[in-house]
Amino acid sequence: MSGSSSVKVKKVTQFLNRKYGTIVWWNASTDEVMIGAVLTPQTRWENVEKALRYLRLEGLCSIAAIRDADHATLENAIRCTGFFRIKSARLKSLATRVMDELGGIGAMASQSDDDLRKNLLGIHGIGEETADSILCYGFSRPRFVIDAYTDRICRCAGITTNRHALKSLFEKVLPHDAGVFQQVHAHIVEYAKEYCGKRRCKECTLRTLNG
DNA sequence: GACCAGGTCCTTG
DNA sequence: CAAGGACATGGT
């Protein structure tokens with residue numbers, strides 16, 4: 001059963017790679033990836049980018065600046081992403097922990113994948129998806145991001161919908177390389193946005209890949 | 001107005 | 001532990 005899941009994952013990722021080729025999807029500094037990852041939940045990406053622009057204008061697009069930022073200024077800059085009170089608190093706790101207890105981003109960059117992940121998950125407001133997003137896109141670590149779009153793709157392709165199972169499946173099947181993980185996840189997001197609705201997939205052809 | 005958007009945490013049963 | 005709700009703005 002797990003063998004056939006592996007085959008499905010390979011077929012899906014090859015199909016997406018032929019369809020989209022190489023795409024640059026989220027090329028940003030570690031600081032910006034961390035901030036964006038906290039702002040992303042339940043929010044359109046365009047609004048996250050808008051908030052990042054506001055933060056840049058306020059000089060708040062870095063972890064160090066956010067730690068020292070005025071609450072009201074921070075909240076106003078990210079208001080357009082929704083949940084702005086919670087998210088500003090999460091940014092604050094993230095920035096404080098990173099700067100004051102983890103030795104800054106430079107020190108984190110020299111930690112092992114597992115230690116880094118553990119430290120991120122220990123921060124209030126950082127869950128599995130946000131942590132893996134930061135690991136994969138911000139620190140170029142081979143941790144596969146499972147999000148709502150991955151769920152949909154796998155539902156359409158007839159692969160398990162259990163997130164932990166999916167994560168280990170993708171990490172087992174794909175080459176253990178952060179760049180590959182970034183590409184595959186970017187492909188999944190592109191495809192799901194276009195073809196896979198929240199409840200039902202529209203005209204995606206993933207189901208037929210197995211036959 | 002209804003429904004959705006790249007989660008996470010807290011509270012209940 | 002599973003399920004339900006809260007968090008909040010912006011777009012279709």
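Letters A, B, ... are given to chains in the order of the sequence lines, protein chains preceding strands, and every chain is numbered from 1.
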Run the side-chain hydrogen bond (donor to acceptor under 3.5 Å, both in side chains) test on N47(A) and R44(A) for me, step by step, so that the C-alpha distance in whole Å, both residues' side-chain angles and the decisive distance to 0.1 Å come before the verdict. CA-CA 6 Å; N47(A) 290 329; R44(A) 290 166 193 276; over 6 Å; no
Those residues of residues 71-80 of chain A lying under 4.0 Å from DNA chain C by at least one heavy atom: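 The stretch gives R79(A), C80(A) as the residues lying under 4.0 Å from the strand, ordered by number.
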Given side chains that start at C-beta, do those of C136(A) and R141(A) come closer than 4.5 Å, heavy atoms only?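 The answer is no, as the side chains (C-beta and beyond) never meet within the 4.5 Å cut-off.
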Expected output is a numbered-order residue list: members of residues 44-66 of chain A with a heavy atom under 4.0 Å from any atom of DNA chain B. What is it?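 Result for residues 44-66 of chain A: R44(A), W45(A), sorted by number.
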With both distances under 3.5 angstrom, what nucleotide forms a Watson-Crick or G-U wobble pair with dG1(B)?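 Partner of dG1(B): none.
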Shortest side-chain distance from E129(A), nucleotide among dT9(C), dA5(B), dT8(B):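 In terms of side-chain proximity for E129(A), the closest of dT9(C), dA5(B), dT8(B) is dT8(B).
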Roughly how many Å is it from [atom1] in [X] to [atom2] in [N], rounded to a whole number?
X       : N       : atom1 : atom2 : answer
K202(A) : dC4(B)  : NZ    : P     : 12 Å
L121(A) : dT8(B)  : CG    : P     : 9 Å
F84(A)  : dG7(B)  : CZ    : C1'   : 18 Å
K87(A)  : dG7(B)  : NZ    : C1'   : 9 Å
I146(A) : dT8(B)  : CD1   : P     : 12 Å
L39(A)  : dG10(C) : CG    : P     : 14 Å
F83(A)  : dC10(B) : CZ    : P     : 15 Å
I86(A)  : dA8(C)  : CD1   : C1'   : 9 Å

Is it true that Y54(A) and I86(A) fall in one hydrophobic cluster, defined by side-chain heavy atoms closer than 4.5 Å?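 In one cluster with Y54(A): I86(A), no.
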Run the side-chain hydrogen bond (donor to acceptor under 3.5 Å, both in side chains) check on K87(A) and T43(A) step by step: do they pass? CA-CA 11 Å; K87(A) 286 176 179 177; T43(A) 307; 2.8 Å; yes
Parallel, tilted or perpendicular: rings of F144(A) and F181(A) (30°, 60°):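 F181(A) vs F144(A) ring planes: perpendicular.
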Please tell me which of G127(A) and K198(A) maps to the more 5' nucleotide of DNA chain B, matching each residue to the nucleotide holding its nearest heavy atom.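 The residue closer to the strand's 5' end, by nearest nucleotide, is K198(A).
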Could you check G125(A) against C196(A) and say which one's nearest nucleotide on DNA chain B is further toward the 5' end?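 Nearer the 5' end of the strand: C196(A).
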Does E128(A) come within less than 4.0 Å of R117(A), counting only side-chain N to carboxylate O?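 Yes, charged N to carboxylate O under 4.0 Å.
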Pair Q183(A), N17(A) - check side-chain hydrogen bond (donor to acceptor under 3.5 Å, both in side chains), show working. CA-CA 8 Å; Q183(A) 276 299 298; N17(A) 192 51; over 6 Å; no
Please confirm whether the shortest side-chain N or O distance from R152(A) to OP1 or OP2 of dC4(B) is below 4.0 Å.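 Looking at the OP1 and OP2 atoms of dC4(B), neither is under 4.0 Å from any side-chain N or O of R152(A).
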